[in-house]
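The residues of the chain are indexed from 1 along the displayed sequence.
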Amino acid sequence: MARKSRVHREWAQKAESTPRYLAGLYSRLSDEDGDDTEQNSIGNQQKIGLAFLEEHKEIQLVDTYSDNGYTGMNYNRPGYGRMFEDLQKGRINCVIIKDISRLGRHFVLTSELVERIFPEMGIRLISINDEYDSLDKNAEAKTLTLPLRMVMNDYYVKDISRKIRSSIAAKMQEGEFLPSSGSIPYGYLRDPENNTFAVDPEASVIVQRIFKMRASGMKFNAIAKKLNQEEIPCPGRLRYLRGMTINKNYESAIWIRGTIRKITNNPTYIGNRIHGKVKRDRVGMEKTRRAPEEWQVIEKAHPPIVTQELYAEVQKVNQEELELLGSYEKRADAGVDYRKLFHGKVICGDCKSDMVAAKNCARPNAKTPSSIFYDCKKYRYSNHTNCRSHYIRQETLMKAVTDLLNQQIKLCVDVERMVQKIQIMPETVTSQKAASNSCASIRVKRCNLEARIERLLVDLTERLITKDEYLYMKERYEKELEELLEKEAEAEKSAKELNVVVNTVEKWIGVIKQYQEIPVIDRKLIDILIDHIEVFEDRHIKIILNYADPYRPMLDYLEKRGVMLYAG
């Protein structure tokens, strides 16, 4: 048997003792909080991160995450959220950022991440420009300066935000501020050259017609049904057809009562520009709707679509209807109301539109309460010309969900037993051991190869090899290294696969057990277990679960290893 060299033994020992870090490179850019778009561009941040990784071969880049156009005070960013999911799943255990402000600019929330959440999760954090590495033995000393940087970041973004808001407010006052195209009211187009709204020749005709129908006394629902019957695109669908949005939800959108009501109450159509209906008091706070007296109104800011007289006539009709509704005697409430539970979860099984809730109102002082039902949104707002009603009562939906959960409880016992059995099966133990050994073996080979690559440069410097030999061997070794890194990532994935499968199934088991102990169906339970509920014309209900088959992940795992699970 060949004797291993001292260098090989040292690298093998180093590979065993040094943890392998799987990194996510995170970048963020925001014009809103004053980021330098050239220096802090997503591409520039990633270049800095990749250059750092070139010098730290012990860290393997698994994925890159970025958020372009998101302020550091907002932690509900898609790229950040995807990264955090991967941290929780164990796909990555290291986060690399250009500087701490890329992670976030909110002092309290960023401090919480750096000083508590990441350490508790065992996550390594590297902030390149701050020269901070949580793995460094001097990291604790450097964390003393990080809070100061975070405070400055927090103050910086708030100061910039104040200046931007002041600038926008001044532009609003002068009638020079134009929102994005998606925020321009239906009937108008964005005209940035003249800094105003331009009348949309196609949609403005529909706006005028809506106002005239309303002035004649037509109800909002009747106007919506009329427009749908004539297949006139609603605002959302018109934007989709024009390519102004790619959101598939608008592909089959239709007119609804709320859209008509909103149009007929909007003073934009008499030439007034309205700002400040919804705004936040300061950066980091949620936007809130403001009272009409707080709005900024710039009169004659753009061409009107309807006359002052027609607008006033419509407002009179709207007010009379409100007063009439207020004079009605209150109908009996529903005995139970599950609308919050099922909101956004019930769809038409045929046309896939939302099923919308409504109330069959019992008369005042009736012995029976009012009832709540669902029917197809497209059917309701198309003057009953599209799809079918699919009428179904909320109690029927609740019974179907309850029956399903009771079935899941019975299933839970068998699945839990199966998980425990698979974890101790000799085939599983052998497979996990083999995967772990494979990881260690590939890791040693990779470290040896990295040592040879480093040695090449020494040999070139000492003139033991020529430049051509160096370039040839370096290219060959780097190709081998790339292949080894792929094999190592695959082996690590295989070694972790059982844990991932078990964690997925145990999450489902935990939810079912929680419901078993306290059999109350709440919105949280619905969100975790149910993706959506489909209702068909024959009242047939199909519940699509997030965990459609809790057995499947375990069976797939065994099938990949050719293992048969025997009963008993």
Hits for side chain to side chain contact (heavy atoms under 4.5 Å, CB included) against P304, two or more places apart or cross-chain, chain-then-number order -> none
Heavy atoms of Y80 and Y75 approach each other most closely as CD2-O, 3.5 Å
Sorted by chain and residue number, the side chain to side chain contact (heavy atoms under 4.5 Å, CB included) partners of V346 (sequence neighbours excluded) come out as F342, M355, Y374, L397, V535
Task: Flag side-chain contact, heavy atom, 4.5 Å: I392 against I541 - done: yes
OH of Y379 to OG of S389, rounded to nearest 0.5 Å, is 5.5 Å
Distance col, row Q229:CD vs K226:NZ, nearest 0.5 angstrom, shows 6.0 Å
message = Around atom CD of E231, are there more than 12 heavy atoms from other residues, nucleotides or ligands closer than 6.0 Å?
response = no
Is there a donor-acceptor pair under 3.5 Å between the side chain of H302 and the backbone N or O of T268? yes
- [ ] Check the pair R209 / I232 against side-chain contact (heavy atoms from CB on, under 4.5 Å), numbers first and verdict last.
- [x] CA-CA 12 Å; R209 189 178 167 198; I232 295 169; 3.5 Å; yes
**Asked** So, do I270 and L310 sit near enough that their side-chain heavy atoms are less than 4.5 Å apart?
**Response** no
Rounding to 0.5 Å, atoms OG1 (T245) and CZ (R237) come to a distance of 13.5 Å
field: Audit row: T64, Q46, side-chain contact (heavy atoms from CB on, under 4.5 Å) steps and yes/no
entry: CA-CA 8 Å; T64 59; Q46 290 181 351; 4.1 Å; yes
Could you check whether D527 pairs with K524 (Lys NZ or Arg NE/NH1/NH2 to Asp/Glu carboxylate O, under 4.0 Å)? no
So the salt bridge (Lys or Arg N to Asp or Glu O under 4.0 Å) pairs with at least one residue in residues 82-91 (sequence neighbours excluded) are D63-R82, D63-R91, D86-R91
**Asked** Can you list the steps and then say if I123 with I117 is a side-chain contact (heavy atoms from CB on, under 4.5 Å)?
**Response** CA-CA 9 Å; I123 305 302; I117 296 175; over 6 Å; no
When rounded to the nearest 0.5 Å, the distance separating CD1 of I372 from CZ of R339 is 4.0 Å
Describe, in one word, how the ring planes of W255 and Y186 are oriented to each other, choosing from parallel (under 30°), tilted (30 to 60°) and perpendicular (over 60°).
perpendicular
Residue pairs passing the salt bridge (Lys or Arg N to Asp or Glu O under 4.0 Å) test with at least one member in residues 389-403, sequence neighbours excluded, are R393-E395, K399-D403
- [ ] Apply side-chain contact (heavy atoms from CB on, under 4.5 Å) to the pair I530 and L545, showing each step before the final yes or no.
- [x] CA-CA 4 Å; I530 297 175; L545 297 171; 4.0 Å; yes
Residue set satisfying side-chain hydrogen bond (donor to acceptor under 3.5 Å, both in side chains) with Y240, at least two apart, ordered chain then number -> K248
> Less than 4.5 Å apart, any side-chain heavy atom of Y70 and any of P78?
Replying inline: yes
So CG of D354 and NE2 of H343: to nearest 0.5 Å the spacing works out to 8.5 Å
Rounded to the nearest 0.5 angstrom, the CG-NZ distance for D130 and K98 is 9.0 Å
Closest heavy-atom pair, V199 versus P303, reported as atoms and distance to 0.1 Å, is CG2-CB, 3.9 Å
Q. Taking everything shown except E120 itself, do over 12 heavy atoms lie less than 6.0 Å from its CD?
A. yes
query = Does N266 use its side chain to pair, donor to acceptor, with the backbone of K262 at less than 3.5 Å?
reply = no
Applied to residues 389-408, the ring pair (Phe, Tyr, Trp, His ring centres under 6.0 Å) test, sequence neighbours excluded, yields F373-Y391
By side-chain hydrogen bond (donor to acceptor under 3.5 Å, both in side chains), Y26 pairs with (sequence neighbours left out) D67, R77
Practice task
Could you tell me whether a side-chain N or O of S127 sits under 3.5 Å from a main-chain N or O of I100, the two making a donor and an acceptor?
Solution key: yes
Is a side-chain donor or acceptor of Q394 paired with a backbone partner of Y338 at a separation under 3.5 angstrom? yes
Taking every heavy atom of S66 against every heavy atom of I42, the minimum-distance pair comes out as CB-CG2, 3.9 Å
### Message
With heavy-atom distances below 4.5 Å as the criterion, would you say the side chains of I210 and Y269 are in contact?
### Response
no
Are the side chain of K378 and the backbone N or O of C387 linked by a donor-acceptor pair below 3.5 Å? no
Are any non-hydrogen side-chain atoms of T264 and I223 less than 4.5 angstrom apart? no
Got a donor-acceptor contact below 3.5 angstrom from the R102 side chain to the S27 backbone? no
Sorted by chain and number, sequence neighbours left out, side chain to side chain contact (heavy atoms under 4.5 Å, CB included) with Q315 holds for N265, Y311, N318
query: With side chains defined as the heavy atoms from C-beta onward, is the minimum distance between I92 and M83 less than 4.5 Å?
result: yes
Sorted by chain and residue number, the side-chain hydrogen bond (donor to acceptor under 3.5 Å, both in side chains) partners of D200 (sequence neighbours excluded) come out as R242
I263 and F211 have their tightest heavy-atom pair at O-CZ, 3.4 Å
The salt bridge (Lys or Arg N to Asp or Glu O under 4.0 Å) partners of E309 (sequence neighbours excluded) come to none
Taking the side chain as C-beta and beyond, is there a heavy-atom pair between L189 and I184 under 4.5 Å?
no
**Request:** Mark yes or no for whether Q208, through its side chain, and I305, through its backbone, hold a donor-acceptor pair below 3.5 Å.
**Result:** yes
Of all heavy-atom pairs linking R214 and K219, the shortest is NH1-CA, 3.8 Å
Taking every heavy atom of I260 against every heavy atom of L227, the minimum-distance pair comes out as CD1-CD1, 4.0 Å
With sequence neighbours left out, the residues meeting side chain to side chain contact (heavy atoms under 4.5 Å, CB included) with R257 are F220, N221, R261, E321, Y381
Across all chains, not counting sequence neighbours, the side-chain hydrogen bond (donor to acceptor under 3.5 Å, both in side chains) partners of H532 are E534
- Message: Would you say that L238 contacts E202 through its side chain, given a criterion of any heavy-atom pair below 4.5 Å between the two side chains?
- Response: yes
